[in-house]
Number of protein chains: 2
Amino acid sequence: MRRLYHQPLSPFCRKVRLILAEKKVEVELVEEKFWERRMDFLRLNPAGKVPMLRIDGLILSDSAAICEYLEETHPTPQLMPRGAPERAEVRRLVAWFDDKFHHEVTVNLLYERVYKRLMKTGYPESAKIKAGAKNIKYHLDYIGWLMEGRRWLAGDELTIADFAAAAQLSSLDYIGDVDWARNEAMKDWYAKIKSRPAFRSILADLMPGFTPPAHYADLDF
Amino acid sequence: MRRLYHQPLSPFCRKVRLILAEKKVEVELVEEKFWERRMDFLRLNPAGKVPMLRIDGLILSDSAAICEYLEETHPTPQLMPRGAPERAEVRRLVAWFDDKFHHEVTVNLLYERVYKRLMKTGYPESAKIKAGAKNIKYHLDYIGWLMEGRRWLAGDELTIADFAAAAQLSSLDYIGDVDWARNEAMKDWYAKIKSRPAFRSILADLMPGFTPPAHYADLDF
């Protein structure tokens with residue numbers, strides 16, 4: 001049985017879940033409290049992170065590696081372009097959201113507000129929350145700027161880059177940290193990706209102790 | 001003209017330089033002090049990081065995206081396996097070194113000791129240097145453990161994963177932070193990759209104000 005070890009609000013897990021759902025690859029979801037460093041989990045996955053995917057007799061970790069694997073083994077629908085320059089642009093943007101956006105925004109907001117409480121590692125630091133709230137503005141405008149000349153983030157086609165970005169934003173939207181009024185092109189792009197069937201299971205997930213804002217699961221937000 | 005904007009001790013730039021050299025793709029090297037946030041550089045590369053590669057009329061950024069592009073456009077010698085499971089293992093390890101090793105080790109040692117001085121952002125923090133010195137042990141042993149059952153890090157063939165790891169280690173070796181006596185299998189692997197012609201230009205690079213230890217450029221260290 002295919003199985004995804006995940007955390008409901010982890011943007012990296014959400015990215016993999018979105019790609020799996022787009023490609024209609026069914027998996028059993030298993031919630032893994034990775035911070036508890038369970039020995040059986042670490043033995044399979046020494047990085048100790050989620051997502052970890054059991055598939056085709058393999059154990060895969062690292063969300064970018066998992067997405068590329070899924071694209072290579074389940075090429076329909078196609079979520080990576082064919083040309084090398086276009087593929088480089090998708091990967092640049094995936095890294096932008098997985099690395100830059102994540103460290104500048106998500107770590108400062110989601111980890112401070114949610115994971116510190118779950119992991120019992122202290123209280124939110126207001127300086128970090130302020131930094132995250134400031135940094136997200138620039139990223140939302142960057143998405144808007146990209147969308148002024150493109151149908152999807154990396155070009156004319158929907159790609160893994162859109163899911164990498166949408167996964168980060170959906171985790172932050174759950175805690176009310178995305179100002180959708182900031183940029184219309186950005187909001188239109190998110191409305192388009194949020195209304196895909198692949199998004200449904202993610203929007204239905206609830207995290208005990210944390211209630212999302214009313215618009216969170218609303219497709220007409 | 002192909003041009004790589006880089007920093008001599010950046011492990012991400014070193015990884016790209018090694019892949020370029022293996023594939024015999026000649027580039028002009030341009031040192032970019034990315035922390036000065038030069039406007040002409042930011043316009044081309046809004047992430048503001050090095051490496052940035054000008055090639056085939058394109059501007060590429062993000063070292064992992066650049067390496068995949070080079071593999072797709074210059075497939076000889078082959079540095080990615082053909083099978084999806086093997087490719088996932090290469091990408092898992094690239095992420096291990098680019099992300100986990102870099103944040104747990106390189107940031108704590110190289111950025112504290114070298115980049116803070118270059119960027120004039122303060123003095124090295126001894127707590128961070130201690131953390132980096134502690135963390136590297138576990139990573140060196142992980143390389144040794146992988147090499148007990150494999151010819152190269154990701155399996156039987158030399159891949160991008162070996163260059164991702166060697167790039168991090170070579171930057172740290174320049175500042176004397178790698179204990180080569182710790183693990184023999186790890187040292188044998190590094191000696192093998194360090195003796196490749198692709199490594200020569202990197203070992204010859206000197207950073208004004210920082211002198212590498214005597215063994216640094218020695219192939220028989």
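First the proteins, then the strands, lettered A, B, ... as listed; each starts at 1. Side chains are part of it too, since the values below use all heavy atoms of this structure and drop only hydrogens, waters and symmetry mates.
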[X] atom [atom1]: more than 12 heavy-atom contacts under 6.0 Å:
X: Q78(A); atom1: CD; value: yes
X: E26(B); atom1: CD; value: no
X: E31(A); atom1: CD; value: yes
X: W35(B); atom1: CH2; value: yes

Looking at every non-hydrogen atom in both residues, tell me the closest pair between A88(A) and Y69(B) and how far apart they are.
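Nearest pair, atom of A88(A) first, then Y69(B): CB-CD1, 4.1 Å.
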
Looking only at non-hydrogen atoms, find the nearest pair between Y138(B) and P46(A) and report the distance.
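Scanning both residues, the minimum pair turns out to be OH-O, 3.6 Å.
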
Report, in residue-number order, which members of residues 149-170 of chain A are under 4.5 Å from chain B by heavy-atom distance.
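Under the 4.5 Å heavy-atom cut-off, nothing qualifies.
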
Side chain, backbone, both or neither: which part of A64(A) has a heavy atom under 4.5 Å from chain B?
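Neither part.
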
Identify which part of T73(A) has an atom lying under 4.5 Å from any heavy atom of chain B, answering side chain, backbone, both or neither.
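Only the side chain of T73(A) comes within 4.5 Å of chain B.
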
Within this structure, what is the CD-CG distance for the pair E89(A) and L58(B), rounded to the nearest 0.5 Å?
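Rounded to the nearest 0.5 Å, the CD-CG separation comes to 10.0 Å.
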
Measure the spacing between SG of C67(B) and CZ of R91(A) and express it to the nearest 0.5 Å.
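CZ of R91(A) is found 10.5 Å from SG of C67(B).
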
Is there any residue in residues 98-123 of chain B with a non-hydrogen atom under 4.5 Å from a non-hydrogen atom of chain A, and which ones are they?
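D99(B), K100(B), H103(B), listed by number.
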
Between R87(B) and E68(A), is the closest basic N to carboxylate O distance under 4.0 Å?
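No, this pair does not count.
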
